[in-house]
Peer 1: 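Here it is: the structure, laid out below.
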Amino acid sequence: MRILMLTDFYPPIVGGVEQHVRNLSIALTERGHRVTVATLAHEGLAPFEIDEHGVRIYRVKGTMQRIEVLFSNPGRRYAPPIPDPEVTLALRGIIAREKPHIVHAHNWLLDSFLPLKAWSGAKFVVSMHEYSLVCAKKSLMYFGTPCSGPGPTKCMRCASDHYGTAKALPTVLGNWAMSAVERALVDLFIPVSNAVAKGNGLVGSKLPYKVIPNFVPDSVGDSSSAATTTPTPSQLPDQPFPLFVGALGRHKGVDVLLEAWSLLSDPDMPPLVMIGAPWADTPKEFPAGVQVYTDWPHDAVMEAWRKSAFGLAPSVWPDPCPTVVMEAMAVGKPVIASRIGGLPDLVNDSETGFLVPPADPAALAAAMKRLLDDPSLREHMGQAGKLKVRQFFASTVVERIESEYRALLAEKRARKISRGRSAVATGGSEQ
């Protein structure tokens with residue numbers, strides 16, 4: 001089977017979706033499929049390469065990416081929620097060369113493929129890692145709180161606050177228009193959690209979808225993958241420490257976490273460690289007792305998980321299905337997470353960690369103190385997490401995705417045969 005992945009970013013650019021697409025591409029390649037990735041070009045990265053796993057990677061230039069003023073972070077120039085003519089043309093050339101049976105998209109780069117869908121002849125699958133089908137911000141957050149649902153005036157006010165007035169109108173209108181096209185052309189939506197399915201309006205609709213979570217490689221917890229790159233985990237504290245991994249933004253609960261940490265005043269406590277990518281609203285300064293590292297390679301992050309005491313996922317947005325929680329569980333660490341989005345699907349409260357109300361620093365601090373004070377409880381919960389995370393291993397999840405691919409192609413073949421028989425019965429011929 002020939003599969004084309006579409007994603008705004010791909011490693012070495014770091015992030016949860018990026019890591020997921022890479023893991024999926026590698027796993028499918030190992031299963032004998034020919035996997036190609038089309039992603040946006042970034043400075044210093046080759047326009048085409050075949051990685052050590054055999055994944056073919058094309059990096060294409062987009063017209064929108066050339067307009068620097070549109071992006072607050074020049075290292076992450078997203079695809080727009082409308083077709084980018086330069087990207088569409090590049091994708092056409094890639095499809096002509098690679099001839100994919102399946103095109104599997106993961107974010108707004110899909111909009112540049114939509115004009116090519118019928119021409120490509122491929123089945124079109126979209127993994128939903130957030131809420132872009134209904135939300136121009138993708139987060140389903142309205143001025144800092146979970147949104148109850150979209151509305152024209154409401155969305156414009158919210159998007160203007162987020163993007164600025166000049167960018168808000170084309171972003172909202174573009175996303176609204178292309179979401180309608182997306183609903184018509186996508187053969188299968190794959191929301192990564194029940195919360196994502198519900199938030200995007202799939203539940204109760206006639207749209208085709210299957211909830212399939214993110215996953216981690218079966219070997220993710222192996223100590224043999226210890227970091228050999230820089231920056232090195234030697235910068236980490238000697239004693240086990242609380243660890244946050246993720247975007248260093250308010251939506252991930254960074255400000256809530258820092259406030260909760262300030263409530264724990266024991267001088268004997270280990271430092272709080274935070275590893276992630278800077279965000280537009282990342283704090284300019286962090287308090288004493290907090291160590292912050294940015295843009296670490298994945299193997300270094302995994303070594304940090306091994307050295308940690310427990311993980312933290314204090315998101316205030318309906319976090320869909322963060323793989324960092326699975327990575328913590330895979331190395332036997334309990335996780336304290338917000339009771340929001342897809343996080344309750346990952347963390348069993350009082351079994352593999354604790355679930356706390358989002359945006360509640362006092363509850364978060366109490367849960368942290370309990371785990372800091374009780375190493376035996378950490379060990380017990382960590383072992384329970386290692387058992388649960390097996391349901392999120394690649395050997396289980398990728399097989400489900402692969403099965404959906406095959407079902408779509410079988411349906412396509414059946415329809416082709418049916419059309420052929422109809423043409424014969426009427427004395428015509430199949431086009």
Side-chain angles (χ1 to χ4, degrees), residues 1-42 45-60 76 79 87 90-91 93-95 97-110 112-113 120 122-130 186-192 210 212-220 225 297-299 301-302 320-324 326-327 330 392-406 408-409:
M1 193 185 308
R2 295 188 296 274
I3 303 157
L4 173 61
M5 297 285 175
L6 304 180
T7 178
D8 287 8
F9 310 120
Y10 191 78
I13 296 176
V14 297
V17 174
E18 293 78 16
Q19 193 63 35
H20 171 82
V21 178
R22 181 176 186 271
N23 288 340
L24 179 57
S25 299
I26 292 171
L28 289 167
T29 299
E30 291 174 346
R31 288 169 174 259
H33 304 291
R34 179 183 170 105
V35 180
T36 301
V37 174
T39 187
L40 295 173
H42 280 77
L45 299 178
F48 174 75
E49 64 177 307
I50 301 175
D51 71 11
E52 67 271 25
H53 304 281
V55 178
R56 305 167 65 81
I57 305 164
Y58 292 86
R59 297 184 175 92
V60 303
R76 298 183 74 86
V87 173
L91 290 179
I94 293 169
I95 292 167
R97 286 190 292 274
E98 302 294 339
K99 298 178 173 57
H101 301 110
I102 298 286
V103 174
H104 189 162
H106 297 266
N107 35 42
W108 273 345
L109 199 64
L110 71 87
S112 293
F113 168 75
S120 74
K123 285 294 185 179
F124 189 28
V125 177
V126 173
S127 277
M128 308 187 81
H129 300 277
E130 15 71 357
V186 171
D187 295 297
L188 181 68
F189 290 100
I190 301 181
V192 297
K210 292 285 181 68
I212 302 178
N214 291 333
F215 66 91
V216 288
D218 293 25
S219 61
V220 68
S225 62
H298 186 253
D299 59 347
V301 172
M302 289 308 303
C321 185
T323 55
V324 292
M326 303 176 196
E327 291 173 347
F392 303 111
F393 276 177
S395 55
T396 299
V397 178
V398 175
E399 184 175 336
R400 293 175 61 189
I401 295 173
E402 191 179 35
S403 177
E404 296 300 334
Y405 290 167
R406 290 199 171 105
L408 289 172
L409 295 179

Peer 1: Locate the shortest heavy-atom distance separating Pro100 from Ile3; write the atom from each residue and the value.
Peer 2: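 Minimum heavy-atom separation between Pro100 and Ile3: CB-C, 4.5 Å.
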Peer 1: If only atom types and distance count, is the side chain of Arg59 paired as donor or acceptor with the main-chain N or O of Ala46 below 3.5 Å?
Peer 2: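 At least one qualifying donor-acceptor pair exists.
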Peer 1: State, yes or no, whether a side-chain contact exists between Val125 and Glu404 at a heavy-atom distance under 4.5 Å.
Peer 2: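 Of all side-chain heavy-atom pairs linking Glu404 with Val125, none is under 4.5 Å.
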Peer 1: If the test is side-chain contact (heavy atoms from CB on, under 4.5 Å), which one of Val126, Ile95, Val87 qualifies with Phe113?
Peer 2: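 Checked Val126, Ile95, Val87 against Phe113; only one passes side-chain contact (heavy atoms from CB on, under 4.5 Å): Ile95.
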Peer 1: Side chains of Tyr58 and Val37: does their closest heavy-atom pair fall under 4.5 Å?
Peer 2: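 Sidechains of Val37 and Tyr58: no contact.
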Peer 1: So, taking the atom named NE2 in His33 and the one named NE2 in His101, what distance separates them when rounded to the nearest 0.5 Å?
Peer 2: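 Between atom NE2 of His33 and atom NE2 of His101 there are 11.0 Å.
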Peer 1: Go through the steps to decide whether Phe48 and Ile57 satisfy the test side-chain contact (heavy atoms from CB on, under 4.5 Å), and finish with yes or no.
Peer 2: CA-CA 6 Å; Phe48 174 75; Ile57 305 164; 5.9 Å; no
Peer 1: Hey, does Ser127 have a side-chain heavy atom less than 4.5 Å from the side chain of Met5?
Peer 2: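 Met5 does not reach Ser127 side chain to side chain.
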Peer 1: Nearest 0.5 angstrom please: Arg34 CZ to Glu98 CD, how far?
Peer 2: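 Here the interatomic distance stands at 4.5 Å.
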Peer 1: How would you list all residue pairs meeting salt bridge (Lys or Arg N to Asp or Glu O under 4.0 Å) that involve residues 10-23, not counting sequence neighbours?
Peer 2: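 Residue pairs with at least one partner in residues 10-23: Glu18-Arg76, Arg22-Glu52.
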Peer 1: Between Lys210 and Pro191, which heavy-atom pair has the shortest distance, and what is it?
Peer 2: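 Minimum heavy-atom separation between Lys210 and Pro191: O-CD, 3.2 Å.
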Peer 1: How long is the gap from CD1 on Ile190 to CG on Asn214, to the nearest 0.5 Å?
Peer 2: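 So the gap between those two atoms works out to 10.5 Å.
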Peer 1: Go through the steps for Phe9 and Asn107 under the test side-chain contact (heavy atoms from CB on, under 4.5 Å), then give the verdict.
Peer 2: CA-CA 9 Å; Phe9 310 120; Asn107 35 42; 5.8 Å; no
Peer 1: Could you pull out the closest heavy-atom pair between Ala122 and Asp187, with the gap in Å?
Peer 2: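 Between these two residues, the closest heavy atoms are O-OD2, 4.3 Å.
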Peer 1: Taking atom CZ of Arg97 and atom CZ of Arg56, what is their separation to the nearest 0.5 Å?
Peer 2: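 That separation rounds to 9.0 Å.
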Peer 1: Do you know which two heavy atoms are closest between Leu409 and Lys123, and how far apart they sit?
Peer 2: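 Here Leu409 and Lys123 meet closest at CD2-CG, 4.2 Å.
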Peer 1: With Ala38, which residues qualify under side chain to side chain contact (heavy atoms under 4.5 Å, CB included), at least two apart?
Peer 2: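 Ala38: side chain to side chain contact (heavy atoms under 4.5 Å, CB included) contacts with Leu4, Leu6, Leu91, Ile94.
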Peer 1: Distance from Glu30 atom CD to His53 atom NE2, nearest 0.5 Å?
Peer 2: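 One gets 7.0 Å once the value is rounded to the nearest 0.5 Å.
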Peer 1: Whether the side chain of Thr29 engages the backbone of Ser25 through a donor-acceptor N/O pair (distance < 3.5 Å, no angle test) should be reported.
Peer 2: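 Such a contact is found between Thr29 side chain and Ser25 backbone.
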Peer 1: Is the shortest side-chain heavy-atom distance between Val220 and Met326 below 4.5 Å?
Peer 2: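 Contact flag for Val220/Met326 side chains = no.
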Peer 1: I would like to know whether His106 and Leu24 meet side-chain contact (heavy atoms from CB on, under 4.5 Å); could you show each step before the answer?
Peer 2: CA-CA 11 Å; His106 297 266; Leu24 179 57; 4.2 Å; yes
Peer 1: Search all heavy atoms of Thr7 against all heavy atoms of Val17 and return the closest pair with its distance.
Peer 2: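 Looking at all heavy atoms of both residues, the closest pair is OG1-CG1, 4.5 Å.
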Peer 1: Compute the ring centroids of His104 and Tyr405, then answer whether they are less than 6.0 Å apart.
Peer 2: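 Ring-ring flag for His104/Tyr405: true, centres closer than 6.0 Å.
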Peer 1: Would His42 and Ile13 count as a side-chain contact (heavy atoms from CB on, under 4.5 Å) if you check the C-alpha gap in whole Å, the side-chain angles of each, and the deciding distance to 0.1 Å?
Peer 2: CA-CA 9 Å; His42 280 77; Ile13 296 176; 3.6 Å; yes
Peer 1: Tell me the closest heavy-atom pair linking Asn23 and Pro217, and the distance in Å.
Peer 2: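 So the two residues come closest at ND2-CD, 3.6 Å.
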Peer 1: Could you measure the distance from the CG atom of Leu45 to the OH atom of Tyr10? Nearest 0.5 Å is fine.
Peer 2: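 Going from the CG atom of Leu45 to the OH atom of Tyr10 covers 12.0 Å.
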